[in-house]
Novice: 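Could you have a look at this structure, given as structure tokens, before my questions?
Because only heavy atoms are used, hydrogens play no part in the values below, and waters and symmetry mates are left out as well, while side chains stay in. Atoms within a ligand are numbered from 1 in the order they appear, just like the ligands themselves. Everything quoted here is computed from the prediction, not taken from an experiment.
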Amino acid sequence: MAILRSRSFVSDAVNLIARESEAAISARGIFRIALSGGSTPRPVYEALVGMPWEKWEVTFSDERCVPPDSDQSNYNMAKHSLFDRAAIPAANILRMEGERAPAAAAENYERELLARSAPYRHDLVLLGLGEDGHTASLFPETEALRVTDRLVAANFVPKFSSWRLTLTYPLLNAARRVCFLVNSAGKEAVLQGVFSGQSSFPSAAIAPIDGSVTWLLGGSCEGARMDV
Ligand code: 6PG
């Protein structure tokens, strides 16, 4: 686990993504990246320019079960901050169908991934961190935490009384690299818990079998002042 405190969060995140893209394309001719949702990554997506887009294959770490044009949709956020101006081939953007019945959407997404590559392995998974220690849509005390035989799950989240679609630990932990992007206050206790190795936060169980985890902590993140 690498913990990087950044005073230039967006540019450091962009540079990390660019390096992973270059390495993946050089080694395998394709860059498989999973985009995180939430608000933190938006300025990073907006700052991504000049990448070899035609070699990118974009998936999502999770999605809310809403239509793609909803302001709650992670796809919609990525569309406005990245897809509308980056020449990523439409066929290379694998959208989670938040408008469909959750279980069917999860099953279909897994089929789509495996049709591209079996087994499916991301070069880079971007993740966020919630104040309750969730990541993607793996929320504390929810069913998806226990999924070991599927890559994608529909997950009912009681705190929101709503369904989510999420990549599961088997797929997340198959990644070559996971990068958590954290750049907001109020998450220091969770960060301390995760870094202590003593917590049961869902984000603490992200541990790629043959890969690495990087925590990029921006200046707005209280954790940035941590002695890490
Ligand atoms: C989502 C995300 C979720 C997010 C965290 C952090 O769909 O909301 O996937 O896991 O990354 O909740 O969100 P912020 O970046 O907005 O703090």
Novice: Determine the interplanar angle of the Trp215 and Phe180 rings, folded into 0 to 90°, and report it as parallel if under 30°, tilted if 30 to 60°, perpendicular if over 60°.
Specialist: parallel
Novice: I need the atoms of ligand 1 closer than 4.0 Å to a non-hydrogen atom of Ser36, numbered in the order shown.
Specialist: 11 (O)
Novice: In the protein, what heavy atom is nearest to atom 13 (O) of ligand 1, and what distance, to one decimal place, separates them?
Specialist: Gly38 CA, 4.0 Å
Novice: Before giving the answer on side-chain contact (heavy atoms from CB on, under 4.5 Å), spell out for Asn155 and Glu143 the whole-Å C-alpha distance, their side-chain angles and the decisive distance to 0.1 Å.
Specialist: CA-CA 6 Å; Asn155 197 28; Glu143 286 301 308; 4.0 Å; yes
Novice: Let's go through Phe160 and Phe139 carefully: what are the C-alpha distance in whole Å and the side-chain angles of both, what is the deciding distance for ring-ring contact (aromatic ring centres under 6.0 Å, His included) to 0.1 Å, and is it a yes or a no?
Specialist: CA-CA 11 Å; Phe160 298 133; Phe139 286 83; 5.5 Å; yes
Novice: Could you tell me the residue and atom name of the protein heavy atom closest to atom 6 (C) of ligand 1, and the distance to it rounded to 0.1 Å?
Specialist: Leu129 O, 3.4 Å
Novice: Using a 4.0 Å cut-off to any heavy atom of Asp62, which atoms of ligand 1 qualify?
Specialist: 1 (C), 2 (C), 7 (O), 9 (O)
Novice: Give the residue, atom name and distance (to 0.1 Å) of the protein heavy atom nearest atom 10 (O) of ligand 1.
Specialist: Ala136 O, 2.7 Å
Novice: Go through the steps for Arg85 and Val49 under the test side-chain contact (heavy atoms from CB on, under 4.5 Å), then give the verdict.
Specialist: CA-CA 9 Å; Arg85 57 176 184 76; Val49 291; 3.9 Å; yes
Novice: Say whether Phe156 and Leu165 are linked into one hydrophobic cluster, either directly or through other cluster members, by side-chain heavy-atom distances under 4.5 angstrom.
Specialist: no
Novice: Can you list the ligand 1 atoms lying under 4.0 Å from a non-hydrogen atom of Asn74?
Specialist: 1 (C), 7 (O)
Novice: Is it the case that more than 12 heavy atoms not belonging to Arg146 sit under 6.0 Å from its CZ atom?
Specialist: yes
Novice: Starting from atom 8 (O) of ligand 1, find the nearest protein heavy-atom neighbour and note its residue, name and distance.
Specialist: Arg64 NH2, 2.7 Å
Novice: Could you check atom 17 (O) of ligand 1 against the protein and tell me its nearest heavy-atom contact, residue, atom and distance included?
Specialist: Lys187 NZ, 2.7 Å
